[in-house]
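For reference, the structure is listed below as structure tokens.
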Protein chains: 2
Amino acid sequence: MQNMAETTDTGLPRAVAIAWGMHEVPQRGPSRGLSHERIVEAAIKIADVEGLAAVTMQAVARSLGFTTMSLYRYVSSKDELLRLMQDAALAGPEKLKLPGTWQEALRAWAATVRAAYRAHPWVLELPRGQIAVLMPNSVRAAELGLAALQSLDLRDDEKIGVILVVSQHVASSVELEQNLREEGEVAIGAEGIDMLGEVITAQRFPHLKPLMEAGYYVASEDRGGSQGRAEPDSVDAEYDFGLDLIISGLEVLEQRSARTT
Amino acid sequence: MQNMAETTDTGLPRAVAIAWGMHEVPQRGPSRGLSHERIVEAAIKIADVEGLAAVTMQAVARSLGFTTMSLYRYVSSKDELLRLMQDAALAGPEKLKLPGTWQEALRAWAATVRAAYRAHPWVLELPRGQIAVLMPNSVRAAELGLAALQSLDLRDDEKIGVILVVSQHVASSVELEQNLREEGEVAIGAEGIDMLGEVITAQRFPHLKPLMEAGYYVASEDRGGSQGRAEPDSVDAEYDFGLDLIISGLEVLEQRSARTT
DNA sequence: CATACTCTGTTTATGCCATACACAGACGAG
DNA sequence: CTCGTCTGTGTATGGCATAAACAGAGTATG
């Protein structure tokens, strides 16, 4: 129910048609005071500054100097607006100088995807499904990713898999970063950590307990010690770590298939 | 603002304290007609059947035969209830027979995490941040994951990284599966695909275009052909593909560090 | 050029939601 | 017994998406 997705008569979801620029604008009536572009732009600005939850039809309309209901002349539902925002926020470089080896190229591609997510982290709160993947900027990103993998000797469906796995890793990493930042303000104090230490005992959690005490598992406020604050660096580290693992795995896969061929 | 997270006097978020069973229940007044457990259970049942959006305070209360406001005697906000649901839904096997090699063990661990997410896919709609990670079942899962990696020769912080990357991959995979299922009902017909073919041209998308025509990129309804329906299998394939890449990468990393040591 | 039809932006109204607040009664501590 | 605390409830508020009806703008057709 919450997922109507409003298909046009062409069978395409309206959001897809709009984003690709196919969409008959009416000729008959009075001239329009707004446009999809302006609405989406205003909505994105709100999301960037105040978060996705602050994007209400009222807020968007007010920021444009129109009434709430006027938006519905351009967008058939809030869901549709969100889809358009998602795509518009993911605009990336049309062309990208891709380094020589596929490893470097894949890394560069991942970096652009990461940058896009980081610029508009609220994008990650929206579902990334079939429809999202058909939007212009997703398609452009996929094209670019495939270009990066050109020299990698894999089957086509495997390349799609690589694109998917890498972009999911990037998304997860930024999502984590974001969740930590948002909850960081409510950081658990030393007192709370002590409290947890009573239930997270060495008997019940033999492997985890030492890591927790070393501060690897939770980012405590400071824990009397000095380093603490694992927030910004550790997420970067996790991003690199995961990407390195994937690339290493791909190198193995490539060698294997080369041997087979 | 949307993220109050209600800390107790101990400095721990209330949800964490409740989930771990530390929480002074009042002695003075009348006996209580409800409990956290019953409320969370009822809410989970609703989420399983009707989706997370159907979990309203009203719906939960009604299903228990109480009024909406009565829930607030047990749970300080809906957010807190959602956190408790998230944790309760991720209950897994306390002990797990872990196969010999770390590869097999890691795979088995990932499978249990995947099963948990699949049993309650709405869990993925909730933020997975610092607080979520401190809840009992997350801690148990981490312990189990570390146990699986016991024989893997890596530093402790690297092992945490592995746990993180793998669980993120699993989550992403199930999330994708879910998004596809939900949008699958609105599948794009052949007519829509043709429409897209006009904007997704071979000139602008030289790498992607052939894959789209081969049906690798989008799951069209049937496309006149026969195979189509890439939905269930392809997600499984993506899951295995990503996990294999990570494990391969880990093997390389292990050899490298063994050489260094 | 007049008329009809379409499309605009607005006003108003509905139903759902989380949750603040105040109350009557239940119950244990003193 | 009585006081203070806690329970479950009723009522009220403000925010939300969006349906419906309307007055006027503008274009196409006679």
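Residue numbers begin at 1 in each chain, while the letters A, B, ... track the order of the sequences.
Here salt bridge (charged side-chain N to carboxylate O under 4.0 Å, His left out) pairs that include residues 32-41 of chain B, with residues two or more places apart or in two chains, number zero.
Shown for residues 39-47 of chain A: no residue has heavy atoms falling under 4.0 angstrom of DNA chain C.
Annotation: side chain of B/I163 is not in contact with side chain of B/Q168 (no heavy-atom distance under 4.5 Å). Counting only heavy atoms from C-beta outward, the side chains of A/P136 and A/R140 approach each other to under 4.5 Å.
By the ring-ring contact (aromatic ring centres under 6.0 Å, His included) test, A/W20 is found to be paired with no residue, residues two or more places apart in sequence or in another chain being considered. A/F66 pairs by the side-chain contact (heavy atoms from CB on, under 4.5 Å) definition with A/L34, A/L64, A/S70, not counting sequence neighbours. Residues passing the salt bridge (charged side-chain N to carboxylate O under 4.0 Å, His left out) test with A/E238, sequence neighbours excluded: none.
Rounding to whole angstrom units, CD of residue A/Q58 and P of D/dG14 are separated by 14 Å. Atom OH in B/Y72 sits about 18 Å away from atom P in D/dA12, given to the nearest Å. Distance A/K78 NZ to C/dC16 C1': 14 Å, rounded to the nearest Å.
Using cut-offs of 30° and 60° for the angle between ring planes, the B/Y74 and B/H36 rings count as perpendicular.
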Contact letters for nucleotides 1-11 of chain D, in which S counts primed atoms plus P, OP1 and OP2 and B counts the base, heavy atoms under 4.0 Å: ----BBBBBBB
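For A/K209 against A/T201, the heavy-atom pair with the smallest separation is CD-C, 4.1 Å.
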